[in-house]
Amino acid sequence: MKAFALVVALLAAVIGGRSTLAGGAFEAEPVIGGVSMACRDFRGRIVQTLHTPLRGDVGRATFISAVPVIALDPVRLATLPEKMQIFFYQHECAHHVLAHIINPTIESEREADCWSIERGRLAGIFRRADVEAFAPFLAHSRGSPFGHLPGPERHAYLLACFDAPDRSQAAYSR
């Protein structure tokens with residue numbers, strides 16, 4: 001029954017509607033941290049956002065029936081500052097933009113972190129003080145075998161990304 005509800009929700013999202021079936025909602029332009037967001041994958045396809053409980057994750061990039069999706073846990077997001085909510089949304093978007101979703105590497109998580117920070121800086125969403133404020137929320141993270149750095153290292157890396165000059169690589173300008 002859950003799978004059926006997910007398929008119905010996905011179909012509604014794909015044809016432009018919004019559905020709240022399967023415990024979540026699909027949106028093409030969700031409001032994250034008070035800001036209207038949008039994401040297109042490496043092929044230019046609109047990435048749908050699904051608000052659903054996740055086990056332990058704030059967000060996850062995935063495909064559902066070949067449709068690119070960012071799944072976000074609204075309960076976990078609500079515990080974070082607005083700028084950090086945007087960071088996590090853009091981090092998951094980066095996995096779609098940079099094609100990590102089909103070709104992950106050990107560098108994928110760091111690339112997604114940096115892409116998110118750079119994108120937020122260039123859009124005027126993040127100031128350095130915003131990124132500095134992420135520290136207490138990352139402090140106890142142990143990292144992951146998938147390439148997430150432990151909290152204090154990840155925070156230092158995010159600040160280094162913020163301070164780095166703009167990248168001109170095509171993948172980063174999408």
Verify the ring-centre separation between F134 and F87: is it less than 6.0 angstrom?
yes
Report yes if the side chains of Y89 and V35 come closer than 4.5 Å at any heavy-atom pair, otherwise no.
no
Which atom pair, heavy atoms only, marks the closest approach of I102 to F63?
CG2-CE1, 3.8 Å
For the side chain of R110 and the backbone of L149, is there at least one donor-acceptor N/O pair under 3.5 Å apart?
no
Is there a donor-acceptor pair closer than 3.5 Å between any side-chain N or O of H155 and the backbone N or O of V131?
yes
Rounded to the nearest 0.5 Å, how far does CZ of R45 lie from CZ of R40?
11.5 Å
Any chance you could lay out the side-chain contact (heavy atoms from CB on, under 4.5 Å) test for L72 and Q85, step after step, and finish with the verdict?
CA-CA 10 Å; L72 295 172; Q85 293 175 27; over 6 Å; no
Between L77 and L50, is there a shared hydrophobic cluster once you connect ILVMFWY residues whose side-chain heavy atoms come closer than 4.5 Å?
no
Shared hydrophobic cluster for V69 and V58 (ILVMFWY, side-chain gaps under 4.5 Å)
no
Closest approach of I46 and A28, non-hydrogen atoms and distance?
CG2-CB, 3.8 Å
Tell me, do I125 and R119 make a side-chain contact under 4.5 Å, heavy atoms counted?
no
Give the cluster check for I32 versus W115: same hydrophobic cluster or not, with ILVMFWY residues linked at side-chain heavy-atom distances below 4.5 Å.
no
So S116 and F88, side-chain contact (heavy atoms from CB on, under 4.5 Å) or not? Walk me through it.
CA-CA 8 Å; S116 176; F88 281 117; over 6 Å; no
Could you check whether any side-chain heavy atom of F162 comes within less than 4.5 Å of a side-chain heavy atom of D130, counting everything from C-beta outward?
no
Minimal heavy-atom distance between R121 and D163, with the atoms involved, is NH1-N, 4.4 Å
same_hphob_cluster(L159, I117) at 4.5 Å side-chain heavy-atom cutoff
yes
Okay, side chain of Q48, backbone of F26: is any donor-acceptor separation there less than 3.5 Å?
no
Residues pairing under salt bridge (Lys or Arg N to Asp or Glu O under 4.0 Å) where one sits in residues 149-162, two or more places apart or in two chains, turn out to be D113-R154
Nearest 0.5 Å, what's the CD-CD distance between E118 and E111?
10.5 Å
Does any N or O in the side chain of E92 come within less than 3.5 Å of the main-chain N or O of A71, such that one atom is a donor and the other an acceptor?
no
Just verifying a value: how many Å separate H148 NE2 and L138 CG, rounded to the nearest 0.5 Å?
10.5 Å
Using only heavy-atom distances, determine whether the side chains of E109 and H100 contain a donor-acceptor pair under 3.5 Å.
no
Do I101 and D41 touch side chain to side chain, with heavy atoms closer than 4.5 Å?
no
Quick one: are P30 and H51 in side-chain contact, heavy atoms under 4.5 Å?
yes
Locate the shortest heavy-atom distance separating S108 from H95; write the atom from each residue and the value.
O-CE1, 3.7 Å
For A66 and R43, work out which heavy atoms get closest and say how close.
O-NH2, 4.4 Å
Quick check for you: to the nearest 0.5 Å, what is the distance between D73 atom CG and R60 atom CZ?
9.5 Å
Closest non-hydrogen atoms of P74 and P53, given as atom of the first, atom of the second and distance, are CD-N, 4.5 Å
